[in-house]
Amino acid sequence: MASRCWRWWGWSAWPRTRPPPAGSTPNFHHHLSTQEKTLQICVVGSGPAGFYTAQHLLKQHPQAHVDIYEKQPVPFGLVRFGVAPDHPEVKNVINTFTQTAHSGRCAFWGNVEVGRDVTVPELREAYHAVVLSYGAEDHRALEIPGEELPGVCSARAFVGWYNGLPENRELEPDLSGDTAVILGQGNVALDVARILLTPPEHLERTDITKAALGVLRQSRVKTVWLVGRRGPLQVAFTIKELREMIQLPGARPILDPADFLGLQDKIKEVPRPRKRLTELLLRTATEKPEPEEAARRASASRAWGLRFFRSPQQVLPSPDGRRAAGVRLAVTRLEGVGEATRAVPTGDMEDLPCGLVLSSVGYKSRPVDPSVPFDSKLGVIPNVEGRVMDVPGLYCSGWVKRGPTGVIATTMTDSFLTGQMLLQDLKAGLLPSGPRPGYAAIQALLSGRGVRPVSFSDWEKLDAEEVARGQGTGKPREKLVDPQEMLRLLGH
Ligand code: FAD
């Protein structure tokens with residue numbers, strides 16, 4: 001019933017700048033201003049999920065006001081801290097997010113960590129609905145001996161380091177060995193391999209951090225192995241990223257034709273995108289390249305290879321035990337068919353020497369607040385189409401909702417869906433009635449706790465500073481990597 005959804009927040013709302021006076025009573029005969037009818041929504045996280053959820057709600061509900069809380073002083077989540085620096089076109093979504101942030105009905109509050117600076121129950125009290133869109137910030141551990149040795153790090157941390165994620169800015173990976181092993185065969189693994197092998201001069205005009213570029217310039221890494229437990233039919237990367245890798249300047253692919261035996265017949269049955277991807281792998285592994293390409297590969301000083309049917313058992317220490325010197329791999333074979341194909345050990349082992357081990361076996365969400373249900377096995381918030389199980393008025397979108405897979409476009413679709421569910425619930429009268437104070441109440445809490453939020457216009461000042469710092473060296477920006485410096489620049 002349409003009329004219901006207009007009734008429930010139909011009386012005086014609190015001013016946005018002050019918390020409600022204690023004991024005040026609403027005036028039912030009071031003229032309803034737009035502000036008084038405001039639907040107050042809170043979104044936690046300013047990555048694609050947060051921004052696309054906000055966009056949907058603002059578009060579909062003329063009285064919605066959305067506050068986006070973000071723990072970093074800067075917005076955009078993995079678009080800034082995950083997407084590779086040599087893929088600037090992917091970051092164009094920032095323009096759409098910026099448009100959303102410029103809406104008079106949207107506000108960004110950075111430097112606010114939900115679960116630490118403010119709790120989810122406090123947010124639920126202040127807003128009609130809360131959407132958790134805080135992504136998947138942990139990496140999955142390998143859970144093998146030696147994982148803690150120096151020389152082993154997560155692909156997540158490595159990506160954070162070259163992209164200027166504050167918590168990883170001091171990582172300084174050791175690139176003095178000639179071989180790096182990446183455990184995993186997804187797009188993140190390919191991103192990391194590509195950054196390790198790209199001639200540094202090709203990265204000079206990207207937004208990679210100055211510190212990372214300096215370390216990559218000194219890198220001695222010549223060979224990168226990407227290790228997978230299963231075979232060519234099960235790789236998790238996509239064709240565009242593979243093609244880019246095959247054509248990487250100064251690098252040649254190493255694929256063992258034996259891994260592809262019998263595959264020609266099997267690919268007839270697989271879905272088209274997988275078929276095209278496998279055909280490209282197969283051609284690269286088994287066909288003689290054109291003379292020009294053959295010459296390019298012969299002169300390449302760097303190489304990358306896919307090591308299939310290998311499951312990591314242990315990170316091997318150097319003779320003095322101080323750092324990683326290799327990985328022990330169990331040889332596997334496949335059992336089962338289709339998606340259920342499993343790798344089982346054959347009993348054979350193989351040692352792969354290397355100076356750097358990067359684990360790229362997936363991301364995982366963290367629980368944000370004890371009041372929010374969390375499935376620690378799957379690493380997601382249990383939900384039905386974005387409605388958090390058993391908690392009315394609480395929603396989720398993006399990687400924390402469906403797990404850490406899928407590209408920005410997937411995240412967009414799923415965030416729109418969560419927005420749709422929220423508005424359906426509103427229409428059905430399932431959200432709290434009466435006005436909610438929104439940011440006014442949270443601002444009071446934060447200021448009492450000494451937290452100084454960073455607004456979107458503050459971010460635009462930081463953005464301008466980054467762009468200005470990049471100009472001298474021909475980079476689109478030189479990212480600020482120290483939150484203290486950011487806050488100082490803002491006079492906080
Ligand atoms: P995120 O982007 O992670 O956003 C979550 C936000 O929540 C972050 O800003 C985080 O700081 C914030 N947050 C976390 N905890 C809190 C808290 N307690 N309080 C407040 N805020 C919090 N997709 C593509 O389409 N193209 C690509 O090239 C591409 N490259 C990728 C490269 C890497 C290395 C990775 C990991 C992913 C890549 N993706 C790419 C996928 C894409 O980044 C994701 O689909 C998308 O970012 C998921 O969006 P999200 O909003 O759920 O999570």
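Every number for a ligand or one of its atoms is a count from 1 in the order of the listing. All residue numbers refer to positions in the sequence shown, counting from 1.
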query: With a 3.5 Å cut-off and no angle check, do the side chains of His87 and Glu241 form a donor-acceptor pair?
result: no
- prompt: Would a distance-only check, ignoring hydrogens and angles, find a side-chain to backbone donor-acceptor pair under 3.5 Å from Ser103 to Arg105?
  reply: yes
query: So, Glu122 and Arg449, do they make that salt bridge, N to O below 4.0 Å?
result: yes
field: Centroid separation Phe76 to Phe81 less than 6.0 Å
entry: no
Distance-only criterion, 3.5 Å: show the donor-acceptor pairs between side-chain atoms of residues 213-232 and protein atoms not counting sequence neighbours.
| from | atom 1 | to | atom 2 | distance (Å) |
| --- | --- | --- | --- | --- |
| Arg217 | NH2 | Glu204 | OE2 | 2.8 |
| Ser219 | OG | Val221 | N | 3.1 |
| Arg230 | NH1 | Thr341 | O | 2.7 |

query: Got a salt bridge between Glu466 and Arg477, using NZ or NE/NH1/NH2 to carboxylate O under 4.0 Å?
result: yes
task: Would you check ligand 1 and list the protein residues that come within less than 4.0 Å of it by any heavy atom, ordered by chain and number?
output: Val44, Gly45, Ser46, Gly47, Pro48, Ala49, Tyr69, Glu70, Lys71, Gln72, Gly77, Leu78, Gly82, Val83, Val90, Val112, Glu113, Val114, Ser133, Tyr134, Gly135, Glu137, Val159, Val188, Asp191, Tyr363, Val368, Gly398, Trp399, Gly406, Val407, Ile408, Thr411
